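As structure tokens, the structure follows; a few thoughts come after it.
Just so it is clear, the structure is predicted and the values come from calculations on it, not from any experiment. Throughout, protein chains are lettered first and strands after them, A, B, ... in sequence-line order, and every chain is numbered starting at 1. The analysis underlying the following values was restricted to heavy atoms, covering all of them including side chains, and did not include hydrogens, waters or symmetry mates.
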Amino acid sequence: MTSLTPNSLAALVESALSTRSSLLGRAVHAQIIKTLNNPLPSFLSNYLVNMYSKLDLPSSAQLVLSLNPSRSVVTWTALIAGSVQNGRFASALLQFSNMLRECIQPNDFTFPCAFKASASLRMPAIGKQVHALAVKDGQIRDVFVGCSAFDMYSKTGLRDEARILFDEMPEKNIVTWNAYMSNAVLDGQPRNAVNAFIEFLRVGGEPDSITFCAFLNACSDALYLETGRQLHGFIIRRGFLADVSASNGLIDFYGKCRDVGSSEMVFDRMCQRNDVTWCSMVTAHVQNYEEEKACMVFLQAREEGVEPTDYMISTVLSACAGLSGLELGRSVHALAVKACVEGNVFVGSAIVDMYGKCGSIHDAEQAFYEMPQRNLITWNAMIGGYAHQGHADMALAFFQDMTSGSNDLVPNYVTLVCVLSACSRAGAVEMGLEIFESMGAIFGIEPGVEHYACIVDLLGRSGMVERAYEFIKKMPIPPTIAIWGALLGSCRMYGKPELGKIAADNLFELDPKDSGNHVVLSNLFAAAGMWEEATLVRKEMKNVGIKKGVGCSWISVKNAVHVFQAKDTSHERNSEIQAMLYKLRKEMKEAGYVPDTDFALYDLEEEEKISEVWYHSEKIALAYGLITIPPGVPIRITKNLRICGDCHSAIKFISGIVGREITVRDNNRFHRFRDGQCSCRDYW
DNA sequence: TTAGGGTTAG
């Protein structure tokens with residue numbers, strides 16, 4: 001056996017670090033103690049401090065450091081760098097200050113760590129003090145130190161200081177330029193990033209994959225689709241298409257620019273993919289409302305043995321939320337636990353959001369309370385979940401709790417959207433208006449288009465349809481589809497054909513291809529007995545080539561999905577379904593249900609209309625659920641179009657008769673029926 | 001012993 005010299009022991013420490021095995025690291029340390037007497041040679045002690053700190057074993061690192069009487073700036077920097085790498089930023093700054101207390105001067109390796117810790121903690125006051133030290137001994141001129149100081153100022157929002165540093169840097173390298181571009185994008189200045197790229201090329205810079213990613217981010221941020229496409233060509237010419245990071249950046253860019261087809265093209269042509277590639281592709285589908293495709297890509301990634309990361313899990317959960325796919329959502333939640341990422345705040349918030357949107361508010365609450373840490377997004381998800389379910393009281397209580405006491409969070413734009421939508425769904429008109437009018441003064445958030453839409457919905461849903469229209473006319477920003485859509489919905493609810501026509505005309509202009517608006521207007525006219533107008537709308541639809549999508553409802557039973565269309569008799573258990581429908585119809589009639597034939601789409605005889613609405617797909621899916629799902633288990637149905645008013649009222653009756661909880665997720669929102677009531681206060 | 005990026009939640 002060769003003798004263990006200090007140099008060979010140092011090599012052993014290095015190899016233990018490279019395997020990331022703390023067990024091996026401790027074994028090597030034991031061997032060193034066995035071989036050499038204390039105190040260890042200083043350089044070997046430094047190796048150990050570095051290893052322990054990087055392996056995220058801070059106590060051991062600190063102990064080895066304190067046993068080294070001749071510890072130097074290198075020893076301390078090894079300790080601090082490990083803390084920064086493992087996200088222990090506050091510890092890093094504490095260690096930095098302990099080092100100064102021992103009168104050891106930081107060097108060009110120490111300063112970047114201290115700047116990064118200050119930047120990550122968003123503590124510009126500390127960053128400034130570190131900067132002063134770096135200026136004092138001239139270290140700021142070093143390209144590493146200068147770049148990290150610039151990054152710190154940018155990330156802590158001190159633009160002027162960042163700009164001065166950048167302009168006065170004696171030397172800039174590619175990292176400096178990349179930092180400049182990335183921070184410009186983060187700061188909402190994508191144009192500056194693009195200009196910096198041009199300047200960088202002009203001074204003879206050679207971009208790398210990080211430069212491309214930063215540029216693509218700028219393009220997707222500002223929706224510079226053409227500029228991004230040109231960069232795609234540039235990436236190909238420079239031979240960077242084989243680079244996984246550059247291609248990942250392209251997938252992300254196209255996805256954010258609503259060109260998911262190009263994302264798929266880049267993805268399909270890649271020879272090598274990593275976990276980020278898969279996650280970017282799933283994200284691109286989710287961002288383009290292609291949740292089914294997102295789930296397919298996720299399952300494909302699983303088949304290929306790609307390990308699920310916290311990023312992937314939170315993205316897939318948002319796909320489940322979009323699909324109201326509770327079963328898949330549950331299995332992804334289980335996967336998060338298995339992958340040990342459920343404690344991650346992104347994953348936890350996505351779990352809360354998924355359960356809230358899938359109607360399992362108790363699961364959402366449980367996930368919320370079990371989270372080791374929560375942030376604003378977690379609270380928003382919970383408030384949004386209550387709003388979805390029509391629990392305005394809980395939404396408002398959580399809002400109150402979030403902003404007060406130990407939580408002390410500052411609400412953002414989305415928080416206010418969730419709160420106002422909760423008021424609207426609960427008919428809390430005064431409360432909603434009060435919050436809307438004071439949100440600028442109290443929370444510093446100026447109302448945006450989503451907030452205006454909530455108020456239109458709030459007024460309209462409460463029967464103040466004319467007031468809602470007056471409100472729209474006075475809006476300082478142009479009304480959007482959501483706003484006219486809310487008005488049209490309330491016109492349908494309260495039978496206001498004239499205003500409905502105005503809302504619909506605006507919708508036709510903004511969104512000519514949406515068949516739903518034509519159908520609602522036609523129904524509105526039909527309900528008011530204005531058959532000619534109703535027929536005219538239908539004719540117009542035909543003339544301009546709009547087809548109403550085929551309505552269907554689906555229900556998941558024992559992991560199989562059963563899809564039904566209106567008047568569907570094709571299911572293998574059709575006779576049982578029909579028998580259940582017959583039984584229900586009889587019992588409902590006895591309970592006082594009267595079919596609402598406004599929702600029969602044609603000018604039919606009354607008897608035919610009744611039959612028309614009776615065989616809507618959601619009722620058939622529900623009948624199937626009642627014969628297959630054991631008593632006590634909630635029945636969940638999803639519909640691709642909006643649930644019709646007759647089905648809504650029928651399911652209310654059914655929930656009372658059969659004593660079960662029934663939820664219907666339609667393409668607009670969530671309806672939870674229990675004891676003859678629905679979570680939404682009213683429906684047209 | 002050191003600096004920059006890519007995928008995530010409303």
Side-chain angles (χ1 to χ4, degrees), chain A residues 46-47 49-50 53-54 72-82 84-85 106-116 119 139 142-152 154-155 173-183 185-186 208-217 243-253 255 274-284 286-287 309-318 321 341 344-354 356-357 374-385 387 411-418 450:
Chain A
N46 292 350
Y47 268 94
V49 171
N50 183 43
S53 196
K54 296 267 168 65
S72 65
V73 60
V74 176
T75 327
W76 278 103
T77 306
L79 182 73
I80 298 166
V84 171
Q85 273 186 21
N107 67 8
D108 51 339
F109 285 67
T110 331
F111 277 118
C113 299
F115 281 126
K116 190 170 179 173
Q139 298 276 6
D142 177 84
V143 66
F144 279 74
V145 178
C147 184
S148 52
F150 164 77
D151 192 58
M152 180 275 297
S154 303
K155 292 214 163 60
N173 63 13
I174 185 165
V175 179
T176 327
W177 284 97
N178 288 348
Y180 181 87
M181 290 176 64
S182 309
N183 281 303
V185 178
L186 286 176
D208 65 6
S209 62
I210 296 177
T211 324
F212 292 133
C213 287
F215 187 95
L216 287 167
N217 271 338
D243 183 290
V244 183
S245 296
S247 290
N248 291 350
L250 284 167
I251 293 173
D252 176 59
F253 157 73
N274 62 12
D275 55 338
V276 178
T277 317
W278 286 95
C279 185
S280 304
M281 196 59 243
V282 173
T283 306
V286 174
Q287 285 171 342
T309 60
D310 45 353
Y311 284 88
M312 179 64 111
I313 299 232
S314 37
T315 307
V316 175
L317 283 166
S318 74
V341 296
N344 174 291
V345 71
F346 280 81
V347 173
S349 305
I351 291 170
V352 172
D353 179 56
M354 180 275 293
K357 289 218 176 89
R374 306 176 193 103
N375 64 13
L376 179 62
I377 309 293
T378 326
W379 284 86
N380 285 354
M382 199 63 235
I383 296 170
N412 69 358
Y413 189 96
V414 177
T415 320
L416 270 301
V417 173
C418 296
E450 286 92 345

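- Rounded to a whole Å, the CE atom of A/M181 is 13 Å from the C1' atom of B/dG6.
- By the salt bridge (charged side-chain N to carboxylate O under 4.0 Å, His left out) test, A/K116 pairs with no residue at all, sequence neighbours left out.
- Nearest nucleotide to the side chain of A/C113, out of B/dT2, B/dA3, B/dG10: B/dT2.
- Listed pair A/K54 / B/dT1 fails the phosphate criterion, with no side-chain N or O lying under 4.0 Å from OP1 or OP2.
- Side chain A/N173 to base B/dA3: a donor-acceptor pair is found below 3.5 Å.
- A/N412 comes within 4.0 angstrom of a base, heavy atoms only.
- Rounded to whole Å, the distance from CD1 on A/I383 to C1' on B/dG10 is 10 Å.
- When heavy atoms are screened at a 4.0 angstrom cut-off, A/D151 is found touching the sugar-phosphate backbone but no base atom.
- Distance from the side chain of A/D252 is smallest to B/dG6 among B/dT1, B/dG6, B/dG10.
- In this structure, A/S247 contributes its side chain and A/V244 its backbone to no donor-acceptor pair below 3.5 Å.
- Heavy atoms of A/D208 sit under 4.0 angstrom from at least one base atom.
- In this structure, A/A81 reaches the sugar-phosphate backbone alone: every heavy-atom distance under 4.0 Å involves primed, P, OP1 or OP2 atoms, never a base.
- Side-chain atoms of A/S182 and base atoms of B/dG5 include no donor and acceptor less than 3.5 Å apart.
- Between A/N217 and B/dT7, a side-chain N or O to OP1/OP2 separation shorter than 4.0 Å is present.
- Of the side-chain N and O atoms in A/Q287, none sit less than 4.0 angstrom from OP1 or OP2 of B/dT7.
- With distances taken from any side-chain atom of A/F346 to the nucleotides B/dA3, B/dA9, B/dG6, the minimum falls on B/dA9.
- Of the candidates B/dA3, B/dG10, B/dT7, the closest approach to any side-chain atom of A/T283 belongs to B/dT7.
- Considering only the side chain of A/V276, B/dG6 comes nearest among B/dT2, B/dT8, B/dG6.
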Requested in this report: Evaluate the side chain to side chain donor-acceptor pair (under 3.5 Å) criterion for residues A/D275 and A/T309: first the C-alpha distance (whole Å), next the side-chain angles of each, then the deciding distance (0.1 Å), finally the verdict.
Outcome: CA-CA 8 Å; A/D275 55 338; A/T309 60; 4.8 Å; no
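- An OP1 or OP2 oxygen of B/dT1 is reached within less than 4.0 angstrom by no side-chain nitrogen or oxygen of A/Q85.
- For the pair A/Q139 CD and B/dT1 C1', the interatomic distance rounds to 13 Å; values are reported in whole Å.
- Using a 4.0 Å heavy-atom distance criterion, A/D310 is classed as a base contact.
- Applying the 4.0 Å criterion to OP1 and OP2 of B/dT2, one finds that A/N107 has every side-chain N and O outside that range.
- A/S349 and A/A381 get closest at one heavy-atom pair: O-CB, 3.9 Å.
- Side-chain N/O atoms of A/K155 include none lying less than 4.0 angstrom from OP1 or OP2 on B/dA3.
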Requested in this report: With side chain to side chain donor-acceptor pair (under 3.5 Å) as the test, would you mind laying out the steps for A/N248 and A/T277 before giving the verdict?
Outcome: CA-CA 5 Å; A/N248 291 350; A/T277 317; 2.8 Å; yes
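- Counting non-hydrogen atoms under 4.0 angstrom, A/N375 reaches a base of the nucleic acid.
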Query raised in the report: What's the verdict on side chain to side chain donor-acceptor pair (under 3.5 Å) for A/N380 and A/D353, showing C-alpha distance, side-chain angles and the deciding distance?
Result: CA-CA 9 Å; A/N380 285 354; A/D353 179 56; over 6 Å; no
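- For the pair A/S53 (side chain) and A/L79 (backbone), a donor-acceptor distance under 3.5 Å is present.
- Closest to the side chain of A/T315, from the set B/dT1, B/dT7, B/dT8, is B/dT8.
- Listed by chain and number, the residues in a side chain to side chain donor-acceptor pair (under 3.5 Å) with A/Y47 amount to none (sequence neighbours excluded).
- At the heavy-atom level, A/D243 lies nowhere under 4.0 Å from the strands shown.
- Minimum atom distance to the side chain of A/F109 is reached by B/dT2, of the listed B/dT8, B/dT2, B/dA3.
- Distances were taken from every side-chain heavy atom of A/Y311 (C-beta onward) to each of B/dT1, B/dG5, B/dT8; the shortest belongs to B/dT8.
- Straight-line distance from the CZ atom of A/F144 to the C1' atom of B/dT2: 6 Å, rounded to whole Å.
- Atom-to-atom, CG of A/L317 to C1' of B/dT7 comes out at 15 Å; the value is rounded to the nearest Å.
- Put simply, CD1 on A/I251 is 15 Å from P on B/dG6, counting in whole angstrom units.
- Distance from the side chain of A/D353 is smallest for B/dG10 among the nucleotides B/dT8, B/dT7, B/dG10.
- Taking atom CG of residue A/D275 and atom P of nucleotide B/dT8, one finds them 13 Å apart after rounding to whole Å.
- A/S280 comes within 4.0 angstrom of the backbone, heavy atoms only, and of no base.
- Distances from the side chain of A/P112 to the nucleotides B/dT2, B/dA9, B/dT7 place B/dT2 closest.
- As rounded to whole Å, 12 Å separates atom P of B/dT2 from atom CG of A/N46.
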